[in-house]
Amino acid sequence: MVSEVRNQSSVATFILVGFSEFPHLQAPLFLRFFSIYTVTLVGNLGIIVVIRINPKLHTPMYFFLSHLSFLDICYSSVFTPKLLEILVVEDRTISFNGCMTQFFFICMFVVTEMFMLAVMAYDRFVAVCNPLLYTVAMSRKLCSLLVSGTYMWGGLCSLLLTYSLLVQSYCGSNVINHLGCEYSAILSLSCSDTSFSQMACFVISTFSEVCSLLIILASYVFIIATVSRIPSKGGLPKAFSTCTSHLTAISIFHGVILLLYCVPHDKSSWLLVKVDTVLFTVMIPLLNPLIYSLRNKDVKETVRRLIDSKLHSLHIKFR
């Protein structure tokens, strides 16, 4: 199917430049990224396990959080292993089909996470503005529909953008000056008209970013309006205590997106683009479990009890 779409392309493999211009940094970067990736997997899997074993966390907010952790695992695992590979081997090639597959899944998981954060903002809006009707309004069926909708939209956007790359002809250079198969880096190698692909990327990415930010903004405007009417002086901090972690995650996620795609970069700033990409694909999946665990009493209490029970069982075993 892929070969039929790109019948005019003569490129079978791409070469990822990565950080090859800094050979002395290859080993230190590999060790650092490998450590971050390991902690990312452990942290996000830990959050999923903690949510499943603690009945107190079987609420809509933690249901969405478990999916956020799952998405962090997914798009980090699509990108980071190949990054680690090109840091330690001389052959930095990736097949055409492999490159398109990597782009498809990275794009799908990133767009899905973008709207998952928007869904979590809506969840916080219902929790703060309608606390008595929260469990009714955020029913299991609605939560499942919201999560399914984010995955479906992410898959649709990714499918359209991947198709816009597949219809291009790649008959010149096959060197991608990037860490992975990023859209603009692939498109820069095309030897055919890229206007359709550029327009498709602009429309889909702008629509997704604006819609998700509008949902988040509207949710927090209503939250602030509701909280401002609370007569108690401690009402504002108490109400926002459930939103702080989410606001931190949103700020980091969308801040890096805006830095990566909305700040103009010239051809000489590819290093900055690579660093921004590392922040987005390697660091954000690491930060999310830290943000939600360090500021969450229920999560910390569950982890503490889990560790205590394991230590107690080991103590009994070796007595």
Side-chain angles (χ1 to χ4, degrees), residues 2 5-6 8-9 11 13-18 71 74-83 86 92-115 153-212 253-282 284-285:
V2 172
V5 175
R6 62 179 187 95
Q8 296 180 354
S9 178
V11 173
T13 61
F14 291 116
I15 299 173
L16 298 172
V17 172
L71 290 168
C74 287
Y75 83 74
S76 179
S77 297
V78 171
F79 181 85
T80 309
K82 189 62 181 180
L83 172 60
I86 65 175
R92 296 187 300 275
T93 60
I94 182 172
S95 68
F96 184 93
N97 291 344
C99 192
M100 293 299 146
T101 301
Q102 185 192 61
F103 170 77
F104 173 82
F105 283 108
I106 288 177
C107 181
M108 182 180 76
F109 292 133
V110 169
V111 174
T112 302
E113 177 155 336
M114 183 185 298
F115 279 91
W153 179 250
L156 177 61
C157 291
S158 183
L159 187 64
L160 292 173
L161 290 177
T162 304
Y163 175 79
S164 72
L165 290 175
L166 290 172
V167 297
Q168 296 294 316
S169 295
Y170 303 93
C171 49
S173 173
N174 67 336
V175 178
I176 298 178
N177 188 15
H178 213 285
L179 309 174
C181 296
E182 192 265 341
Y183 191 87
S184 60
I186 300 173
L187 202 61
S188 66
L189 304 181
S190 173
C191 53
S192 56
D193 184 15
T194 62
S195 56
F196 166 76
S197 298
Q198 290 176 337
M199 181 58 66
C201 180
F202 175 78
V203 171
I204 292 173
S205 59
T206 302
F207 179 80
S208 296
E209 179 72 7
V210 169
C211 284
S212 62
F253 183 87
H254 286 280
V256 176
I257 284 183
L258 294 174
L259 178 65
L260 188 57
Y261 293 106
C262 296
V263 176
H265 298 292
D266 55 33
K267 292 184 178 180
S268 62
S269 63
W270 274 108
L271 178 59
L272 179 59
V273 173
K274 292 176 185 179
V275 172
D276 291 344
T277 302
V278 168
L279 289 174
F280 187 74
T281 55
V282 178
I284 286 180

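Just so you know, these numbers come straight off a predicted model, no measurement behind them.
- Phe103 and Ser158 make their closest contact through O-OG, 4.3 Å (heavy atoms, listed as atom of the first residue, atom of the second, distance).
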Steps toward side-chain contact (heavy atoms from CB on, under 4.5 Å) verdict (Thr112, Cys74): CA-CA 11 Å; Thr112 302; Cys74 287; over 6 Å; no
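- Side chain to side chain, Ser195 and Asp193 meet the donor-acceptor criterion of an N or O pair below 3.5 Å.
- When ring centroids are compared, Phe96 and Phe14 come within the 6.0 Å threshold.
- Between atom CD of residue Glu209 and atom CZ of residue Phe115 there is a gap of 9.0 Å, rounded to the nearest 0.5 Å.
- Put simply, OG on Ser197 and CD on Gln168 are 3.5 Å apart, with the number rounded to the nearest 0.5 Å.
- What you find for Ile176 and Cys99 is that their closest heavy atoms are CD1-SG, 4.0 Å.
- Taken from CG in Leu16 to CG in Leu83, the straight-line distance is 9.5 Å, to the nearest 0.5 Å.
- The SG atoms of Cys157 and Cys107 are placed at least 2.5 angstrom from each other.
- Nearest heavy atom pair, residue Leu161 against residue Tyr183, reads O-CE1, 3.5 Å.
- Under the rule for a side-chain contact (heavy atoms from CB on, under 4.5 Å), the partners of Phe196 that lie at least two apart in sequence or sit in another chain are Ser164.
- Closest approach of Lys82 to Thr93, counting heavy atoms only: NZ-O, 3.0 Å.
- Annotation: the span from Phe202 atom CZ to Phe207 atom CZ amounts to 13.0 Å, rounded to 0.5 Å.
- Going from atom CZ of Phe104 over to atom CG of Asn97 covers 14.0 Å, rounded to the nearest 0.5 Å.
- When every heavy atom of Met114 is checked against every heavy atom of Ser212, the shortest pair comes out as CG-OG, 3.3 Å.
- For Thr281 against Thr80, the heavy-atom pair with the smallest separation is O-OG1, 4.2 Å.
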